[in-house]
Amino acid sequence: MKYNFKKIEPKWQKAWNDNDAFKAVDFSDKPKWYGLVEFPYPSGAGMHVGHIKAYSSIEVLSRKRRMQGYNVLFPIGFDSFGLPAENYAIKTNTHPHDITEKNIEHFSDQLRKVGFSFDWNRVIATSHKDYYKWTQWIFEKLYEHDLVFRSKTLVNYCPHCKVVLSNEDSQGGKCDICHSDVVQLSKDVWFLRITDYADKLLGGLDNVDYPDSIKQQEVTWIGKSTGAFVNFKLDGCDDSLEIYTTRCDTLYGVTFMVVAPEHPILDKYKDQIKNWDAVVDYRTECAKKTEFERTQIAKDKTGVKLDGLYAINPITGKQIPLFIADYVMMGYGTGAIMAVPAHDQRDYDFAKKFGMDIIQVIKGGDIETEAYTGDGEMINSGFLNGFTNKKDSIERMLEEIEKMGIGHKGVQYKMKDWAFNRQRYWGEPIPLIHCPECGTVTVPEEQLPLELPDVDNFEPGTDGQSPLAKIDSFVNCTCPKCGGAAKRETDTMPQWAGSSWYFLRFIDPHNTEAFADKEKLKYWMPVDHYNGGMEHVTRHLLYSRFWHQFLYDIGEVNTPEPYAKRTYQGMILGADGEKMSKSKGNVIDPVDIVEEYGADTLRTYVMFMGDYSSAAPWSDESLKGCARFLERVAALTDIATADKEDSKLEVKVHKTIKKVTDDIESMKFNTAIAALMTLINDFTKAGAITKEDLISFIKLLSPFAPHLTEEMWEELGQNTDGKTFITLAAWPEYDEAKTVDAVKEIGVQVNGKVRGSVEIATDATKEEALAAAREAVAKQLEGKTIVKEIYVPGKILNFVVK
RNA sequence: GCGGAUGUGGCGGAAUGGCAGACGCAGCAGACUCAAAAUCUGCCGGUGGUGACAUCGUGCGGGUUCAAGUCCCGCCAUCCGCACCA
């Protein structure tokens, strides 16, 4: 058969579509399998080869599962709210809605051209009102359960995008969207109380199949630490200063305290602070720095001593000085620390610079040169003296602190609550109403969705308000509670809101009564396998687990965790080994490849190019190698003429079935394809093969190259009615007994070095094997005494000689 | 600094402790062709040797083992994530 991808790819895409070949059936008796990929943001640039790689793993697994008799749900949709569309709208004076719909069309077309086996009956888009109705509904549930709160605090702000960002959206001090420096501003912001779920988010990781790298990254991001809160009385004042520490047992070594420049205690006691001007100057200086700068200047400690304000070390009763310094952050712990210079390098550096006392309380190290952070016997510490175990001394001190009533045990997280409102247009309107009489009220459920109104000007206001604030007809409303005049919240939800629950909507995308039917949820959840990018681990993955855990807690879903298994793909780099980018001119457009080489070649290549979770550079030459492979596959119909199966070939076919079956399961797609290439080499050498062998071969290949194999399947007379697809045919079985060679060539070693090889029957006795081996290396054994003979059947023969 | 990963030919990469380099790419040689492309066949880690063969070889240094890319100890390098986190 000649390989004409231009003809066969549209032919089979149409046939699959016309026959609903990939339709997922609710409540089917077959075992269910829910495979998920991260739905794309429909950008103007169209699909990236990265999308193809990210989707191909679940695509291959889905196709294999269908052949193995599963009822497969493999859906696709669009994460269609977001800033790029809005920015583009501003630039080109168009409407984000129109741009988005056009891009969705374009993306759908591209995805179909690659032949992905999505169930297109279930397509969703987060910007459609029948979808965001339920995003708003879930938000209201969160609100009802006190997981939404408003607070005026220091938040991350992107001056370029003019929006407040969550901590997750400003990792590394850079805006997630435009990569410009984020600044810290005090703003009145809506938060989701994700920290209430910190322990559940941690604990849930024990019950899911995620790679360690992903689990570890989430654990680090959540950043749980256990320690103690301790109150230090301010000398001559009624107030105490509360600190957080993980080493309360070093209390005897505290020689000063440091508070963050933004700490409220400063303003309260500004009359007592004699050098208030210096304090204000220092604060101004700090406020100028971005979060990034502040954490980068880690070497040189700066600070100002508070003149006239002192604290009392509660355990020693000694008066100790107070400082402000920007190495203490307002956002972690209490924004104040007890400094133990002898055993904390930061405190040590600070103490050296400002001439503070350094009292050693743990034996070890050399306090003259640096802080000692290791373990050791407690000294200079009253009742703790002699303790050698850190755990015991902390325990004992905690007891004392609680007895004295100056503190208690506590837990801290690095993760912060989720800053949730965005001062932008193209997102879900937050369904809240501000009533002067009743306070904040949610939009009644029957009024959802709260529709995003049309706007002429998408430019965000300079006053830090969303474009919606300019629409009087939207802003002014009546309070659902008292009927009085009220105003709507005009900010919208962040990019991540819609994607925090989309996998649930796929289960029942057209439901108008609920976000999804409970019975259907019970049938399909959890997602069996979810593949996506490493960059979403501390964003989308964390957020969606949080929402799902919440929905579980209120009885809306039946599984505590949304995803049973999560994997990730490695990036496809440009041919130059650099990350693909327009400015470098190394971007590969998947549609160009489909047009020039066909979708099957593209699909096979992205799965063959290397280890799935590692980055690998694009190579046009290697791509051509895959095109050659498929051409050779097509030509196999010409040699499928043998009547009887060659027994050697039979073993090879069974071995390949086993290997491909197992390798796809463990996501070793590259070696699965390599095994098929090896088999085709064997087929070619044999000159003629049976039709049965060819059928097994094309079945194994069909998840990777579905169009070509579908055409061959038809050519081989297996699809006479036009709808008996290979895509739905039974996956080949192998016979374990037939995966073993009757005779195998085995290496023969002398003192661990290979000196020959010998063909040995699989059922040969040890004596027979050794006898044959002795002959094979007779030259090396001559004049030597054999000390030991090792025979590992099927593996190796080794003689230890003297 | 902490956490995770990786290090193997010219390149992408294979190897449940058992003949390192499967498979593919590139390269070389040959066939076909007036020629080129395509295709097919063969070779293809380094060094020495016409050759069978010898010898070295999986980031570096040690160790365990009949046998180490793989296990253990100590380094080095690169990538990713977190980071003055108290």
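None of these values were measured; they are calculated from a predicted model. Chain A is the first sequence line, chain B the second, and so forth, proteins listed ahead of strands; every chain is numbered from 1.
Residue A:Phe608 contributes atom CZ, which lies 5 Å from atom C1' of B:C23 at whole-angstrom precision. Whole-Å rounding puts the A:Lys659 NZ to B:A15 C1' distance at 9 Å. Taking atom CD1 of residue A:Ile673 and atom C1' of nucleotide B:C23, one finds them 10 Å apart after rounding to whole Å. Rounded to whole Å, the distance from NZ on A:Lys668 to P on B:G12 is 20 Å. For the pair A:Gln749 CD and B:C19 P, the computed distance is 8 Å after rounding to whole Å.
Of the P atoms belonging to B:C66 and B:G27, the separation is 47 Å, rounded to the nearest Å. For the C1' atom pair drawn from B:G9 and B:C23, the interatomic distance equals 15 Å after rounding to whole Å. A distance of about 27 Å separates the P atoms of B:G13 and B:A68, rounded to the whole Å. Of the C1' atoms belonging to B:G69 and B:A14, the separation is 11 Å, rounded to the nearest Å.
Side-chain atoms of A:Lys795 come within donor-acceptor range of the base of B:U16, with a qualifying N/O pair under 3.5 Å.
When heavy atoms are screened at a 4.0 angstrom cut-off, A:Phe799 is found touching no nucleic acid atom at all. When heavy atoms are screened at a 4.0 angstrom cut-off, A:Asp347 is found touching no nucleic acid atom at all. Among the protein residues, A:Gly625 comes within range of the sugar-phosphate backbone only, with heavy atoms under 4.0 Å from sugar or phosphate atoms but none that close to a base. Counting non-hydrogen atoms under 4.0 angstrom, A:Lys579 reaches nothing in the nucleic acid. Using a 4.0 Å heavy-atom criterion, one finds that A:Asn681 contacts the sugar-phosphate atoms exclusively. Here A:Glu218 lies out of heavy-atom contact (under 4.0 Å) with every strand. When heavy atoms are screened at a 4.0 angstrom cut-off, A:Ala675 is found touching no nucleic acid atom at all. Using a 4.0 Å heavy-atom criterion, one finds that A:Glu621 contacts the sugar-phosphate atoms exclusively. Looking at heavy-atom distances under 4.0 Å, A:Glu745 makes contact with a base. Using a 4.0 Å heavy-atom cutoff across all strands shown, A:Asp344 reaches no nucleic acid atom at all. Counting non-hydrogen atoms under 4.0 angstrom, A:Val792 reaches a base of the nucleic acid. The residue A:Lys753 sits close only to the backbone: its heavy atoms come under 4.0 Å of sugar-phosphate atoms, none of a base.
In this structure a side-chain-to-backbone donor-acceptor pair under 3.5 Å is missing from A:Lys301 to A:Lys353. Under the 3.5 Å distance criterion, the side-chain polar atoms of A:Ser170 are left unmatched by any main-chain donor or acceptor of A:Asn156.
Evaluated for a side-chain hydrogen bond (donor to acceptor under 3.5 Å, both in side chains) with A:Tyr612, the options A:Asn670, A:Thr567, A:Asn531 yield exactly one hit, A:Asn531.
Taking the six-membered ring where the residue is Trp, A:Tyr605 and A:Trp618 present perpendicular rings, their angle passing 60° and hence far from 30°.
Taking the syn range as angles within 90° of 0, the glycosidic angle of B:G27 is outside it, so the base is anti.
Of all heavy-atom pairs spanning A:Thr604 and A:Ile673, the tightest one is O-CD1, 3.6 Å.
Residue order along RNA chain B, read from the 5' end via each residue's closest nucleotide, puts A:Thr671 first among A:Ser225 and A:Thr671. Between A:Asn798 and A:Thr245, the residue anchored nearer the 5' end of RNA chain B, judged by the nucleotide with its closest heavy atom, is A:Asn798.
Ring-centre distance between A:Phe629 and A:Phe608: not below the 6.0 Å cut-off.
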